[in-house]
Amino acid sequence: MPEATWVADSPKTKSLNCSHVDMDDNATGVQSPLFNNFLHGAVDYRGRPVLRSKSGCWRSAYFIIGVEVAERFAYHGISSNLITYLTGPLGQSTATAAENVNVWSGTASLLPLVGAFVADAFLGRYLTIIIASLLYILALGLLALSTLLHSDCETAVGASSCSAQPQAIMFFISLYLVALAQGGHKPCVQAFGADQFDSDNPEESKAKSSFFNWWYFGLCVGPTVGIFVLSYIQDNLSWALGFGIPCIIMGFALIIFLIGTMTYRFGERTEEKSAFIRIGQVFVKAARNWRTTHSAISAVEQECGTLPHQDSQQFRFLNKALVSPDGSQEDGTVCSLDEVEEAKSVLRLVPIWASCLGYAIVFAQCSTLGTKQGATMDRSIGSSFEIPAATLQSFIGISVIILIPIYDTILVPLTRAATRRPSGITMLQRIGTGIFISILSMVVAGYIETKRLRTAREYGLVDDPGAVIPMKIWWLLPQYLLAGAGDVFAIVGMQEFFYDQVPSDLKSIGLALYLSVLGIGSFLSGFLISIVKETTAGNGEDGWISDNLNQGHIDYFYYLLAGISVGAFVMYIYAAKSYVYNL
């Protein structure tokens, strides 16, 4: 079997706790051209050594990007218009539907942590992708089937009896199966794609940085097409067809992935301890040695000589894992210096992860409240065609599709000339730029919503929840374009950062960490909506987030999010300034 039994290379753990020097596999220093052409640490699908010139790189990445385009088409074809289905056929209120979308989206973004763990520790990325794809196909098929079940739900807002209907039960079971399948698919596909590039080769390393840009470009092509096509089908033709087409697309995606098998590079199997075990042992042994004095730690550090990284004094409490309470330094009784540094590298990610949550809360709004805004506005094009409100989400993808080539071909070379960095700006600078743009998007969204409410009052439509506000839906376009611009910087930056800064055999976990930011952000968004609804409602009014948006104040909610994002941005700047990159 391919990577089902292999894991990625891991840093060499040393028998002595002070050792941090890697030995060259070719100790003689004599390397033939044929030897150099073989890729160390990688094998083909049959477990044989692979030639650099005949495997991996873009020849493999194209297959993998194609698979992800199809998967994103399917996922966003469901998620973009989900709130419409919940408030329509299932009869939920706007606030309840928004909370359900946020909880489901958050779960879908957190489950990659489970999928990545299974892949990195047990199955390998290749086999995990295949199993997840099969589950995806099953879940999408059941989702389409659930829409054909009879429902007695009324379309009136607030019909709570729907929760007991067979249609709703089967729908939500299928929906969370989609989340589970996505949890195994998402982190592994991207990590597997990045694995096709050798970071130790200058040309392939540069190509890997470009891969993350074009990966997200492909990631947005799928949703853009999916939102345009499927939201129209769902709103005007059939929900069963709108959910069934993604099932067929995922079937084709699996076939595409399998066709590329012979070109893939798989991580070579190693006999070393799992990174989970290595890192876990550092924390356990440091905790057991909590009484160890600083003088004892200093003595061990001096014995080791110069520490390999300038940040070795950061999280110094983990250095207690270098010593043993009984003074024994035998192999196995203490952790190596490399293992301690590896644990520190993971711990250093926590402040960056936490400070990105403000961005993630903003990220969650486009598929919920933004869609409900659009549903109240004039969506007509010409005399007979009316676009679905969810269609505007596709402009996030269009913005990304336009900006990624500009970023990769113009901005990176310009900044590279100034900074002498292969990627132009650092990964953290890129993320910070995206967070700042997201703040602007919320300010703009709040202003547009204020204008929409003023228009509703001017035309006397405040008390009519079904009225079409005489204001074109294109007024929402700036906030969606800004959201796309923020994604180009923040999302791509987080993908590359969390992949690059984790140990080599935890790459899937690294990408799952970035997804978990969005997952927790979705949960926080749902929690915030619930809190705002409860605290602002009263005297017979629904508060800021009302089923009748014309009587609510979503603009206040957007300004609140902008304020929260500013606070998170300040925290991010502090965390980024103190962060030291892993070399």
Side-chain angles (χ1 to χ4, degrees), residues 39 52-53 56-66 68-69 72 190-224 265 352 356 359 395-441 480-502 507 510-511 514 569 572-573 576-577 579-583:
L39 187 64
R52 186 186 302 276
S53 59
C57 292
W58 289 109
R59 69 175 58 82
S60 298
Y62 289 137
F63 286 105
I64 299 170
I65 290 176
E68 188 64 7
V69 169
R72 291 292 88 185
Q190 187 172 5
F192 192 62
D195 288 344
Q196 307 307 310
F197 300 88
D198 180 14
S199 297
D200 295 329
N201 180 279
E203 290 301 318
E204 290 194 25
S205 178
K206 187 183 295 184
K208 177 184 282 190
S209 181
S210 183
F211 164 79
F212 282 99
N213 289 326
W214 291 104
W215 171 270
Y216 201 65
F217 177 89
L219 231 66
C220 291
V221 170
T224 299
R265 295 171 180 175
I352 301 296
C356 288
Y359 171 84
F395 283 93
I396 298 176
I398 291 173
S399 177
V400 172
I401 291 169
I402 293 172
L403 292 177
I404 284 288
I406 295 174
Y407 182 90
D408 198 58
T409 60
I410 299 176
L411 184 59
V412 169
L414 287 176
T415 54
R416 184 185 294 152
T419 64
R420 305 298 180 185
R421 297 178 181 275
S423 58
I425 59 177
T426 67
M427 292 175 280
L428 290 177
Q429 287 171 341
R430 184 171 187 173
I431 296 171
T433 302
I435 294 175
F436 179 76
I437 293 175
S438 74
I439 297 172
L440 296 180
S441 73
Y480 282 95
L481 293 177
L482 281 171
D487 288 357
V488 169
F489 289 90
I491 296 294
V492 181
M494 282 192 285
Q495 289 174 354
E496 186 174 2
F497 175 78
F498 285 107
Y499 177 88
D500 185 76
Q501 295 296 294
V502 297
K507 298 304 185 183
L511 291 171
Y514 125 74
F569 184 55
Y572 176 83
I573 292 175
K577 280 187 174 182
Y579 186 83
V580 180
Y581 286 92
N582 297 329
L583 301 178

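Taking all atoms of both residues into account, the shortest heavy-atom contact from I437 to F489 is CD1-CD1, 3.9 Å. Closest approach of S399 and A485 over heavy atoms only: OG-N, 3.5 Å. Taking every heavy atom of both residues into account, S441 and A483 meet most closely at CB-N, 4.3 Å. Heavy-atom minimum distance, C356 versus I431: SG-CG2, 3.9 Å. Residues V412 and T415 share a closest heavy-atom pair of O-OG1, 3.1 Å.
One N or O on the side chain of Q196 and one on the backbone of R265 form a donor-acceptor pair closer than 3.5 Å. Under a 3.5 Å cut-off, the side chain of R430 and the backbone N or O of M494 do not form any donor-acceptor pair.
F498 pairs by the ring-ring contact (aromatic ring centres under 6.0 Å, His included) definition with nothing, not counting sequence neighbours. Here F569 pairs with nothing under the ring-ring contact (aromatic ring centres under 6.0 Å, His included) rule; sequence neighbours left out. For T426, the side-chain contact (heavy atoms from CB on, under 4.5 Å) partners are R421, L428, Q429, Y581, not counting sequence neighbours. Partners of I401 under the side-chain contact (heavy atoms from CB on, under 4.5 Å) rule, at least two apart in sequence or in another chain, are F217, C220, V221, T224. Partners of Y499 according to the side chain to side chain donor-acceptor pair (under 3.5 Å) rule, which considers only residues two or more places apart in sequence or in another chain, are D195. Qualifying side-chain contact (heavy atoms from CB on, under 4.5 Å) partners for L414, counting only residues two or more places apart in sequence or in other chains: I410. With sequence neighbours left out, Q495 forms a side chain to side chain donor-acceptor pair (under 3.5 Å) with Q190, Y514. The side chain to side chain donor-acceptor pair (under 3.5 Å) test applied to S60 returns T263, not counting sequence neighbours. In terms of the ring-ring contact (aromatic ring centres under 6.0 Å, His included) criterion, Y359 has no residue partners (sequence neighbours excluded). In this structure Y62 satisfies the side chain to side chain donor-acceptor pair (under 3.5 Å) test with no other residue, sequence neighbours excluded. Listed by chain and residue number, E71, R72, H185, K186, V189, W215, L219 satisfy the side-chain contact (heavy atoms from CB on, under 4.5 Å) test with E68 (two or more places apart in sequence, or in another chain).
The one candidate from L481, I491, D487 that meets the side-chain contact (heavy atoms from CB on, under 4.5 Å) condition with V400 is D487.
The structure places CD1 of I435 at 12.5 Å from CG of L440, a figure rounded to the nearest 0.5 Å.
The ring pair (Phe, Tyr, Trp, His ring centres under 6.0 Å) contacts involving residues 413-439 comprise nothing, where partners must be two or more places apart or lie in separate chains.
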Under the criterion side chain to side chain contact (heavy atoms under 4.5 Å, CB included), I'd like the reasoning laid out for V492 against I404: C-alpha separation, chi angles, the key distance, then a yes or no. CA-CA 10 Å; V492 181; I404 284 288; 4.3 Å; yes
